[in-house]
J.: 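Here you go, one structure.
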Amino acid sequence: MNKKLNKAIRKSAKQMINLLPIFIGIIFLIGLINKLIPTSAYALIFTKNPFFDSIIGAILGSILAGNPVTSYILGGEFAEQGISLVAVTSFMIAWVTVGVIQFPAESAILGKKFAFARNILSFVFSIISAIIIVSIVGTI
Amino acid sequence: MNKKINAWAFLAVVIAIYTIAGIFRSDAIMPSIRFSFNLIIKILPVFILVFAFMAGFEYFISEEKIKKHLDASSGTKRWIIAIGAGILSSGPIYMWYPLLGTLKKKGVGFGLIATFIYSRAIKLPLLPIMIYYFGIKYTIVLTVVLIVMSIVQGKIIEKIKF
């Protein structure tokens, strides 16, 4: 096999294997939450108001961190629990664009002002984007 | 190495949560495990596809290629390259900070850097999972909106004096 391809496969396999405990853990957590927490409990966090729900989703997505695939799985399961698509969307976008945990590294290399402005903008954009996306999906 | 330990520590925490939950609600444990296994079986084929995409991108796209193109282009082409590079870049963002720091020193503007970081929200290899959960229409709309937003964010950042 081509050396470069072999290296690419090995590197990707290593990345997948490293993520495996996280995937399995997340899926088993979802399983437990699904059976322990009734759907009605989510109504306590989410308000059914698209604007406020998108803010709550964005806050959750900003605080939590990890591989984007985790946010897709969590988002998908949230949606199946009846949480509004706008909240799920802002959650997934904030997860990948707002980096609270990476903030120290980002500000050390690119400057505190830049890191602050970029993260604040990303937070606001996750809400705006979610509202736009769900509006478009709902009309086409 | 630390990331590896964190990943296994996370799984250990989940097992501990199951153990504690089992003490108080033993009736919920088996249904939870069954639910989780069913979920794993459902998304396993998608993960195989994700792996194929990851290997493909690893094979065709390199950090050197991205640096070369972002560094050597100008005007609109730079924005397109920043978006394309952001979409195609893989791995955690902190791996890219040193490269972005170098590009900044070489005169690449903060706007382009912000666009690059924002467009990383689009993960091509992971799109099959998003399609699986949310459908193709949603995935296409989200991708297009994120691309537009990455430019808007870049343009706003460009106007700010740092």
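If you're wondering where the values come from, they're calculated on a predicted model, not measured in any experiment. By convention in this document, chain letters (A, B, ...) are assigned in the order of the sequence lines, proteins followed by strands, and residues within each chain are numbered from 1.
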J.: Tell me, for A/S71 versus chain B, whether the close heavy atoms (under 4.5 Å) come from the side chain, the backbone, both or neither.
T.: neither
J.: Is it the case that the side chains of B/Y133 and A/E77 hold a donor-acceptor pair, with the cut-off being a distance below 3.5 Å and no angle test?
T.: yes
J.: Quick one: what part of B/L146 sits under 4.5 Å from any heavy atom of chain A, side chain, backbone, both or neither?
T.: side chain
J.: Can you name the closest pair of heavy atoms from A/P21 and B/L11 and give their distance?
T.: O-CD1, 3.7 Å
J.: At a heavy-atom distance under 4.5 Å, which candidate from B/A114, B/A21, B/S36 has the highest pair count against chain A?
T.: B/S36
J.: With a 4.5 angstrom heavy-atom cut-off, which part of B/I160 approaches chain A: side chain, backbone, both or neither?
T.: side chain
J.: About how many Å separate CZ of A/R118 and OG1 of B/T115, when rounded to the nearest 0.5 Å?
T.: 10.5 Å
J.: Identify which part of A/I73 has an atom lying under 4.5 Å from any heavy atom of chain B, answering side chain, backbone, both or neither.
T.: both
J.: With chain A as the partner, which of B/K104, B/Q153, B/M149, B/M130 has the greatest number of non-hydrogen pairs under 4.5 Å?
T.: B/Q153
J.: Do B/I48 and A/I17 sit in one hydrophobic cluster, given that two such residues count as connected whenever their side-chain heavy atoms are within less than 4.5 Å of each other, even indirectly?
T.: no
J.: For A/S129, is it the side chain, the backbone, both, or neither that has a heavy atom closer than 4.5 Å to a heavy atom of chain B?
T.: both
J.: Using non-hydrogen atoms only, which part of A/A79 is less than 4.5 Å away from chain B: side chain, backbone, both, or neither?
T.: side chain
J.: For chain B, which candidate among A/V124, A/L85, A/L20, A/I128 shows the most heavy-atom pairs at distances under 4.5 Å?
T.: A/L85
J.: Highest number of heavy-atom pairs under 4.5 Å with chain A: which of B/S119, B/G135, B/P31, B/G101?
T.: B/P31
J.: Treating Ile, Leu, Val, Met, Phe, Trp and Tyr as nodes and any side-chain heavy-atom pair under 4.5 angstrom as an edge, say whether B/I87 and B/I80 lie in one connected cluster.
T.: no
J.: Can you find a pair of side-chain heavy atoms, one from A/Y72 and one from B/K123, that are under 4.5 Å apart?
T.: yes
J.: Counting heavy-atom pairs under 4.5 Å with chain A, which one of B/F51, B/F60, B/Y132 comes out on top?
T.: B/F51
J.: For A/K11, is it the side chain, the backbone, both or neither that has a heavy atom under 4.5 Å from a heavy atom of chain B?
T.: side chain
J.: For A/L36 and B/A28, work out which heavy atoms get closest and say how close.
T.: CD2-CB, 3.6 Å
J.: Do the side chains of B/F134 and A/T89 get nearer than 4.5 Å, heavy atoms only?
T.: no
J.: In the structure I gave you, are the side-chain heavy atoms of A/N119 and B/I117 within less than 4.5 Å of one another anywhere?
T.: no
J.: Side chains of A/L121 and B/I157, heavy atoms from C-beta outward: is any pair under 4.5 Å?
T.: yes
J.: Under 30°, 30 to 60°, or over 60°: which ring-plane class applies to A/F28 and B/F37, parallel, tilted or perpendicular?
T.: perpendicular
J.: Got more than 12 heavy atoms from elsewhere within 6.0 Å of CD1, B/I136?
T.: no
J.: Do any N or O atoms from the side chain of B/K137 and from the backbone of A/V137 form a donor-acceptor pair under 3.5 angstrom?
T.: yes
J.: If you count heavy-atom pairs under 4.5 Å with chain B, which of A/I24, A/L29, A/L32, A/T97 comes out on top?
T.: A/L32
J.: Between the main-chain N or O of B/I29 and the side-chain N or O of A/K35, is there a donor-acceptor pair closer than 3.5 Å?
T.: no
J.: What verdict does the side chain to side chain contact (heavy atoms under 4.5 Å, CB included) test give for B/L100 and A/I109, after you've listed the backbone C-alpha separation in whole Å, the side-chain angles of each residue and the deciding distance to 0.1 Å?
T.: CA-CA 8 Å; B/L100 295 175; A/I109 296 169; 5.9 Å; no
J.: Please classify the contact of B/V152 with chain A as side chain, backbone, both or neither, using a heavy-atom distance under 4.5 Å.
T.: both
J.: Checking heavy atoms, do the side chain of A/I132, its backbone, both or neither come under 4.5 Å from chain B?
T.: side chain
J.: Looking at A/R10, A/K113, A/K7, A/K112, which has the largest count of heavy-atom pairs under 4.5 Å with chain B?
T.: A/K113
J.: Which region of A/A108, side chain (C-beta onward) or backbone (N, CA, C, O), has a non-hydrogen atom less than 4.5 Å from a non-hydrogen atom of chain B, or is it both or neither?
T.: neither
J.: Can you confirm whether B/Y138 sits close enough to A/I136 that some side-chain heavy atom of one is under 4.5 Å from a side-chain heavy atom of the other?
T.: no
J.: Quick one: are B/Y118 and A/F125 in side-chain contact, heavy atoms under 4.5 Å?
T.: yes
J.: Can you name the closest pair of heavy atoms from A/G31 and B/S32 and give their distance?
T.: O-OG, 3.5 Å
